[in-house]
Structure formats: C-alpha cells, structure tokens
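Before any comments, here is the structure.
Numbers for residues simply follow the sequence, beginning at 1. Any value given below was found using the heavy atoms of this structure, including those in side chains, with hydrogens, waters and symmetry copies removed.
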Amino acid sequence: MQNKLKNKIIIQKYGGSSVANVECVENVARRIIFYIKKGCKVIVVLSAMGDTTDELVVLAKKINPNPSEREMDMLVSTGEQISCSLLAMALHKKKVEAISLTGSQVGIITDTYHSQAKILKIEADRIKKELTKGKVVIVTGFQGVSTDFEITTLGRGGSDLSAVALAVAIKAAMCEIYTDVEGIYTADPRIVLDAKKINYITFDEMLELASRGAKIMHTRAVEVAKKFNIPLHVRSSFSKKEGTLIMEKTPVIEEAVVRGVALTDNEVKITLCNVLDKPGIAAHVFNDLACENINVDMIVQNVSHKNATDISFTVPKKDLAKTIKISKKISKDIGSGEVSFDENIAKVSIVGVGMRSHSGVAAKCFSVLAKNKINIDMISTSEISISCVIKKDLGKKALRILHKIFGLHKI
Ligand code: ADP
Ligand code: ASP
Ligand code: MG
C-alpha cells in the first residue's frame with residue numbers, strides 16, 4: 001500500500017489533559033513515534049500540563065490581586081515550557097531526536113497586547129532547520145514574542161491558535177488537535193450526556209460554536225483555519241478513533257438545520273441607564289470600549305421614553321472592572337445615568353448552516369424556552385445562529401432542552 005504520509009509535515013497539538021501527567025506525556029511520545037515511523041516530519045504544539053495555567057493564575061493572585069499583564073505573561077508562559085521539555089526527554093529516551101522550542105525561539109511574532117496578543121507573523125526558519133536535521137520539533141503553545149521583544153500570550157486556550165498558525169506558516173499537510181474527547185459533539189458532553197459526536201462540521205459553524213462558548217476549540221484558531229482553508233482534525237489523544245473534520249464544505253448532501261448548541265456563563269451584562277436618544281451616542285460608547293480592546297458581544301438598546309433610553313451590552317467577565325471604569329467615565333461625558341451590571345447571566349446558543357434555508361427555527365427555540373418558564377433577557381442572531389441571554393442557574397437546563405427539541409440526541 002502506498003504510504004501517503006511519507007515526507008509530509010504534520011502538526012499535532014495536544015491540550016492540557018493530554019499531557020496532564022508522566023503517563024500522558026509518554027502516551028503522546030508513542031503517538032508521535034507512530035507517525036515518525038510512517039516517514040512524517042512532525043511538529044508538536046503543546047499546552048501546559050493539566051491545570052497548570054489555572055494554578056499559576058491562582059498563585060499570582062495570592063501575591064498580588066492585580067498583577068501586571070506583562071508579569072502574568074512571563075508567569076503563565078512557563079507552563080508550556082515544562083510540558084515541552086518533558087516531551088522532548090520522553091522522545092530522547094526512546095531514541096527519537098527531538099527539540100523543544102519556545103514561541104520566541106521559533107519566531108512567533110505578535111503585537112504588544114499582553115494576555116490577548118495577535119500573531120503578526122511566524123519566522124519558521126528555525127523549525128525548518130530542525131526538521132531538516134530529522135528532529136521532532138516541539139513548540140510551546142499559547143505564546144509568542146512581541147515586536148517589543150516581550151513574551152506575550154494569545155488568550156486562554158490559545159495553543160490551538162499556535163498550532164493552526166504554524167500549519168499555515170509551514171504549509172503543513174495536516175493539522176490535528178488532540179484533546180480529551182473524541183471530537184466535536186452536538187453539545188458539551190460533560191453537560192449533555194446524550195450529545196453525539198459529529199463527523200464533519202463547517203468552519204462557519206465551528207466558529208459560531210466556539211465564539212458562543214464551546215471551549216473545545218479556540219475561536220481565533222478556527223478563524224485562521226477558515227481564512228487559509230486548513231482543515232482541522234479534532235480527535236482524542238486517548239483513542240485511535242477518527243474524530244471530527246472541520247472544513248470549508250462538508251461532504252454531507254443536506255446540512256443539518258441545527259448542528260450543535262453551546263453555553264457560556266463567562267459574560268457579564270452592563271447597563272448604561274438614561275442615555276440620551278440622539279445620533280452619535282452609541283458610537284461614542286462603543287468606540288471608547290474598543291479603544292481599550294474590550295470585546296463587546298451582545299448589544300440591546302431599549303425603546304426610548306422622553307428622549308432617553310437604556311443601553312445594555314455584554315462583555316467577557318475578565319473585562320468587568322475595566323468596562324465599569326470606562327462606562328462610568330462615558331456616562332459622565334455624555335450626561336447619562338447610573339451604570340449597573342449583572343453577573344448572574346448565561347448565554348445559550350443554537351448553531352447550524354441549515355438555518356439559512358429553514359424558517360421557524362427561532363420560533364421553536366423561543367417557544368420551548370417559554371414552555372419551560374425560562375425568561376429571555378437578550379437575543380442576538382446571525383445567519384446561522386441564535387443566542388439568548390438567560391438567568392445563569394437555568395443555563396444547563398436550557399442547553400439540554402434545546403439539544404433535545406432540535407433532535408440532536410438522535411443523529
Ligand atoms: P484541551 O485541554 O485539549 O485544549 P479543552 O478543555 O480546552 O481541551 O476542550 C475540551 C473540552 O471542551 C471537553 O472536555 C468538553 O468538555 C468541552 N466541550 C465544550 N463544548 C464541546 C463540544 N461541542 N464538543 C466537544 N467538547 C466540548
Ligand atoms: N495553557 C493555556 C491555557 O490553559 C493555553 C492552552 O491550553 O491552550 O489557557
Ligand atoms: Mg483547549
């Protein structure tokens with residue numbers, strides 16, 4: 001049989017749970033050797049072991065509740081160095097040549113936004129040189145070096161992005177994302193026990209699911225994969241089974257109306273009360289937030305009474321303090337009223353490209369929530385998704401109800 005993988009460069013990314021302990025690291029080494037024996041050149045991107053990044057964050061907060069973002073990046077970027085060097089040692093023990101390299105050593109150049117840096121370019125010369133020497137190249141995920149020569153990180157879960165960006169830079173034949181579940185499911189299988197594995201999903205659907213809370217893939221990683229049309233294979237590092245292919249167009253003839261559902265309680269709702277209802281106000285508010293790199297998600301402006309209205313919007317929880325501070329300043333500038341916030345919210349979403357051509361999806365979604373006495377606080381839609389903000393304690397229930405009503409447990 002012809003060996004299709006001979007001399008091909010493949011990228012494999014292993015998440016934290018796949019390298020959580022010594023046995024897991026050795027398991028990863030065995031997988032890599034399997035591909036090496038097929039004649040592949042392998043670039044590995046690793047996350048930090050298990051919950052290391054979370055633990056480092058806790059450690060920092062014990063020392064200083066408000067650590068500087070630069071020092072946080074210095075700290076959390078170390079997690080990936082540990083897993084990478086250990087994997088190199090595991091491969092050396094098995095007589096496989098391997099070298100671990102940091103984001104900075106391989107030339108992953110980013111902008112200067114600590115903790116949320118964007119990749120500007122990748123100078124892949126070092127990687128190519130090491131591959132030519134016949135080495136497995138192991139790269140620390142999640143980090144790069146800024147144009148100011150500072151260590152930066154790409155946002156939580158950012159190792160997926162490192163892997164996809166490297167796949168683009170190296171023109172890899174394959175990009176595999178190894179994780180602790182067998183692929184992309186119709187819902188988070190930890191919450192919806194009868195969620196089903198999906199064989200194929202489009203970039204667009206994955207993008208919507210990821211940005212609406214499905215933490216299995218980093219949103220910006222999917223964005224980059226879509227932009228450069230790099231199919232991704234998401235699969236388990238603990239089994240040999242095929243996982244899910246994320247691609248431009250699936251080979252399925254008729255697309256599902258709803259492909260999957262997602263939940264997040266990582267956002268908070270801010271309300272600017274008594275805002276003057278006149279041109280330019282919304283522009284002012286959202287410009288100021290954008291200048292501070294705050295990602296606003298949903299926006300609702302209520303009907304105005306006596307020329308004043310309330311504007312509510314959601315932002316990531318981690319940006320709450322910064323957003324309140326800016327909103328209070330904006331409120332003072334534009335002469336509006338109180339600034340309030342609500343952390344007690346969850347956002348539940350349904351996603352599917354089939355929504356483009358099917359009517360009644362929104363009606364079905366809202367009706368089933370109403371029937372279950374789940375009040376909808378905010379709604380946003382795109383061509384292929386519908387999201388509702390509801391009370392936080394009803395999030396999981398709503399997710400399961402929507403999963404069932406759209407028949408996802410039966411696919
Ligand atoms: P890794 O450490 O490998 O990057 P993550 O914890 O970031 O793994 O992502 C894997 C987790 O994503 C799974 O354990 C699962 O609970 C969660 N998840 C959320 N939504 C989905 C989904 N639609 N399909 C599969 N897993 C999902
Ligand atoms: N270790 C980082 C995190 O926990 C990056 C990653 O796992 O992708 O967010
Ligand atoms: Mg992840």
Side-chain angles (χ1 to χ4, degrees), residues 187-188 191 207-215 219 258 260-277 281-290 294-305 308-324 326-328 330-331 336-352 355 360-403 405-406:
D188 186 339
I191 304 174
L207 204 52
E208 293 276 350
L209 281 175
S211 67
R212 280 148 213 278
K215 111 178 222 276
T219 310
V258 176
V261 294
L263 173 70
T264 178
D265 56 11
N266 241 337
E267 291 182 9
V268 46
K269 184 174 92 171
I270 316 283
T271 302
L272 273 176
C273 301
N274 253 326
V275 178
L276 265 190
D277 194 9
I281 292 287
H284 185 136
V285 172
F286 295 107
N287 262 332
D288 285 9
L289 292 167
I294 292 171
N295 233 334
V296 174
D297 181 23
M298 288 181 161
I299 302 173
V300 172
Q301 178 166 341
N302 294 336
V303 182
S304 86
H305 297 287
T309 178
D310 292 348
I311 298 181
S312 294
F313 53 91
T314 61
V315 295
K317 246 181 202 161
K318 67 171 178 55
D319 291 331
L320 174 62
K322 208 153 111 181
T323 309
I324 294 284
I326 300 168
S327 301
K328 284 193 171 153
I330 295 171
S331 169
S336 62
E338 193 199 346
V339 175
S340 65
F341 67 93
D342 184 0
E343 287 184 276
N344 189 24
I345 61 163
K347 184 175 70 178
V348 68
S349 307
I350 58 177
V351 171
M355 270 185 220
V361 181
K364 193 166 167 178
C365 166
F366 302 152
S367 304
V368 74
L369 292 178
K371 222 166 105 191
N372 285 277
K373 305 207 167 13
I374 298 174
N375 190 47
I376 304 172
D377 199 11
M378 296 166 105
I379 298 170
S380 80
T381 62
S382 79
E383 221 189 347
I384 64 163
S385 71
I386 298 165
S387 297
C388 302
V389 168
I390 57 177
K391 285 263 170 295
K392 187 173 171 173
D393 57 352
L394 296 173
K396 288 183 180 166
K397 179 177 171 189
L399 190 77
R400 292 182 188 122
I401 290 169
L402 290 170
H403 191 264
I405 194 83
F406 287 102

Between V261 and F406, is a side-chain contact (heavy atoms from CB on, under 4.5 Å) present by the stated rule, with each step listed?
CA-CA 10 Å; V261 294; F406 287 102; 5.7 Å; no
Dump the intermediate steps for side-chain contact (heavy atoms from CB on, under 4.5 Å) on M355 and I350, then the final yes or no.
CA-CA 10 Å; M355 270 185 220; I350 58 177; 3.8 Å; yes
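Of the inter-residue distances, the one linking L289 atom CG with H284 atom NE2 reads 9.5 Å to the nearest 0.5 angstrom. Separation of atoms NZ (K328) and CD1 (I326) is listed at 12.5 Å; rounding is to 0.5 Å. Interatomic distance, CD1 of I299 versus CD1 of I270, reported as 12.5 Å (0.5 Å rounding). Rounding to the nearest 0.5 Å gives a distance of 10.0 Å between CE of M378 and CG of D342. Rounded to the nearest 0.5 Å, atoms NZ (K391) and NZ (K397) are 14.0 Å apart.
With sequence neighbours excluded, the residues forming a salt bridge (charged side-chain N to carboxylate O under 4.0 Å, His left out) with D297 are K347, listed by chain and number. N375 is linked by a side-chain contact (heavy atoms from CB on, under 4.5 Å) to nothing, counting only residues two or more places apart in sequence or in another chain.
Listed here is the closest heavy atom pair of A346 and G395: CB-CA, 4.2 Å. Considering all non-hydrogen atoms of both residues, I390 and L394 come closest at CD1-O, 3.8 Å. Scanning all heavy atoms of the two residues, the minimum distance from A262 to A214 falls at CB-N, 4.0 Å. Contact record, M298 with I379: CE-C, 4.1 Å, taken as the closest heavy-atom pair. Of all the heavy atoms in N372 and V368, the pair that sits closest is ND2-O, 2.8 Å. The heavy-atom pair separating L272 from V275 by the smallest distance is O-CG2, 3.4 Å.
Side-chain contact between V339 and I324: present, with at least one pair of heavy atoms (C-beta onward) separated by less than 4.5 Å. With a 4.5 Å cut-off on side-chain heavy atoms, I191 and R400 count as touching. The shortest distance between side-chain heavy atoms of T219 and L207 falls below 4.5 Å. The shortest distance between side-chain heavy atoms of V315 and V268 falls below 4.5 Å. No side-chain heavy atom of I294 sits under 4.5 Å from any side-chain heavy atom of F313. Counting only heavy atoms from C-beta outward, the side chains of I374 and I401 approach each other to under 4.5 Å. Side-chain atoms of R212 and T264, non-hydrogen and from C-beta on, never get closer than 4.5 Å to each other. Side chains of K215 and D188 form no contact here, defined as non-hydrogen atoms less than 4.5 Å apart.
Sequence neighbours left out, the pairs with a member in residues 362-382 that pass salt bridge (Lys or Arg N to Asp or Glu O under 4.0 Å) are K269-D377.
More than 12 heavy atoms of other residues, nucleotides or ligands shown are found within 6.0 angstrom of NZ on K318.
The backbone N or O of S336 sits less than 3.5 Å from a side-chain atom of S331, completing a donor-acceptor pair. One N or O on the side chain of D310 and one on the backbone of N274 form a donor-acceptor pair closer than 3.5 Å.
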